[in-house]
A.B. asks: 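Shown below is the structure under consideration.
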Amino acid sequence: MAGLSKAELEALVEQATVDAYDEDEQVSGFHIMLEEHLAVPFETTVLDVEVTVKKIDLLSGSGIVAICARGPHRQAIGILDLPLPTPPPEGSEWIDAYRHWGP
């Protein structure tokens with residue numbers, strides 16, 4: 001997938017934050033867009049370990065996280081720290097837009 005242009009990223013940011021009044025509401029808007037558009041579950045590698053991204057969550061104090069699983073173990077990883085597989089999952093442009101917005 002080719003990277004999005006600055007204008008395309010800004011259009012996604014506008015879509016996610018259109019009704020938000022402060023930073024917390026803007027983050028919540030991105031969380032909603034990621035939940036709606038990012039295709040989960042998907043497999044990726046974190047620190048040389050294969051994991052399954054089960055869902056996207058919004059945790060107080062941590063922001064938007066990916067809930068990763070390997071067997072019975074679960075770990076929340078900040079969505080901006082999550083290495084994406086190649087090719088990335090459908091909807092990953094919302095992660096790019098969130099990164100562009102820069103919480």
Side-chain angles (χ1 to χ4, degrees):
M1 177 174 98
L4 298 177
S5 71
K6 183 177 178 181
E8 290 170 319
L9 289 170
E10 289 176 1
L12 290 176
V13 168
E14 176 64 23
Q15 189 176 346
T17 62
V18 67
D19 291 327
Y21 293 103
D22 61 21
E23 187 173 311
D24 287 341
E25 289 184 7
Q26 291 172 341
V27 170
S28 182
F30 276 105
H31 174 244
I32 290 166
M33 291 303 185
L34 284 161
E35 277 193 315
E36 289 178 2
H37 298 284
L38 186 63
V40 293
F42 65 88
E43 306 294 319
T44 193
T45 303
V46 176
L47 298 175
D48 292 327
V49 176
E50 292 284 325
V51 299
T52 301
V53 175
K54 295 288 194 177
K55 69 177 188 169
I56 303 301
D57 207 349
L58 181 60
L59 300 180
S60 178
S62 298
I64 300 172
V65 297
I67 305 300
C68 300
R70 179 173 171 94
H73 305 286
R74 302 284 183 271
Q75 178 69 45
I77 297 177
I79 196 70
L80 297 180
D81 296 326
L82 182 71
L84 293 176
T86 302
E90 184 177 322
S92 65
E93 66 272 11
W94 286 100
I95 297 172
D96 296 335
Y98 183 55
R99 181 175 285 112
H100 178 76
W101 172 75

A.B. asks: Could you grab the distance from atom CZ of Arg70 to atom CD of Gln75, nearest 0.5 Å is fine?
C.D. replies: 13.5 Å
A.B. asks: What is the distance from atom NE2 of His31 to atom CG of Leu59, rounded to the nearest 0.5 Å?
C.D. replies: 8.5 Å
A.B. asks: If you define the side chain from C-beta out and look only at heavy atoms, does anything of Val40 sit under 4.5 Å from Pro89?
C.D. replies: no
A.B. asks: Can you tell me how far apart CD (Glu43) and SG (Cys68) are? Round to the nearest 0.5 Å.
C.D. replies: 10.0 Å
A.B. asks: Just by distance, do the side chain of Glu25 and the backbone of Tyr21 share a donor-acceptor pair under 3.5 Å?
C.D. replies: yes
A.B. asks: Answer yes if Leu82 and Val49 sit in the same cluster of Ile, Leu, Val, Met, Phe, Trp and Tyr residues linked by side chain heavy atoms under 4.5 Å apart, and no otherwise.
C.D. replies: yes
A.B. asks: A side-chain contact here means heavy atoms from C-beta on lying under 4.5 Å apart; do Ser62 and Asp57 qualify?
C.D. replies: no
A.B. asks: Under 4.5 Å between side-chain heavy atoms, counting indirect links through other Ile/Leu/Val/Met/Phe/Trp/Tyr residues: same cluster for Leu80 and Met33 or not?
C.D. replies: yes
A.B. asks: Tell me, with the steps shown, if Val27 and Tyr98 meet side chain to side chain contact (heavy atoms under 4.5 Å, CB included).
C.D. replies: CA-CA 8 Å; Val27 170; Tyr98 183 55; 4.1 Å; yes
A.B. asks: How many angstroms lie between CG in Leu34 and CD1 in Ile64, if you round to the nearest 0.5 Å?
C.D. replies: 5.5 Å
A.B. asks: Check Ile56 against Ile79 and note the closest heavy-atom contact, atom names and distance.
C.D. replies: CD1-CD1, 3.7 Å
A.B. asks: Distance from Glu10 atom CD to Ser5 atom OG, nearest 0.5 Å?
C.D. replies: 8.5 Å
A.B. asks: Pair Leu12, Glu8 - check side chain to side chain contact (heavy atoms under 4.5 Å, CB included), show working.
C.D. replies: CA-CA 6 Å; Leu12 290 176; Glu8 290 170 319; 6.0 Å; no
A.B. asks: In this structure, which one of Val51, Leu47, Val65, Val46 forms a side chain to side chain contact (heavy atoms under 4.5 Å, CB included) with Ile77?
C.D. replies: Val46
A.B. asks: Is the count of non-hydrogen atoms from other residues, nucleotides or ligands lying under 6.0 Å from Asp22 atom CG greater than 12?
C.D. replies: yes
A.B. asks: Is there a side chain to side chain contact (heavy atoms under 4.5 Å, CB included) between Ser92 and Leu38 once you walk through the steps?
C.D. replies: CA-CA 6 Å; Ser92 65; Leu38 186 63; 4.3 Å; yes
A.B. asks: Does Ile67 belong to the same Ile/Leu/Val/Met/Phe/Trp/Tyr cluster as Val53, with side-chain heavy atoms less than 4.5 Å apart forming each link?
C.D. replies: no
A.B. asks: Measure the spacing between CZ of Arg74 and NZ of Lys55 and express it to the nearest 0.5 Å.
C.D. replies: 10.0 Å
A.B. asks: Counting N and O atoms only, with roles assigned by atom type, does the side chain of Thr17 sit under 3.5 Å from a partner on the main chain of Ala20, one being a donor and the other an acceptor?
C.D. replies: no
A.B. asks: Look at the aromatic rings of Phe30 and Trp94 and report parallel, tilted or perpendicular, splitting at 30° and 60°.
C.D. replies: perpendicular
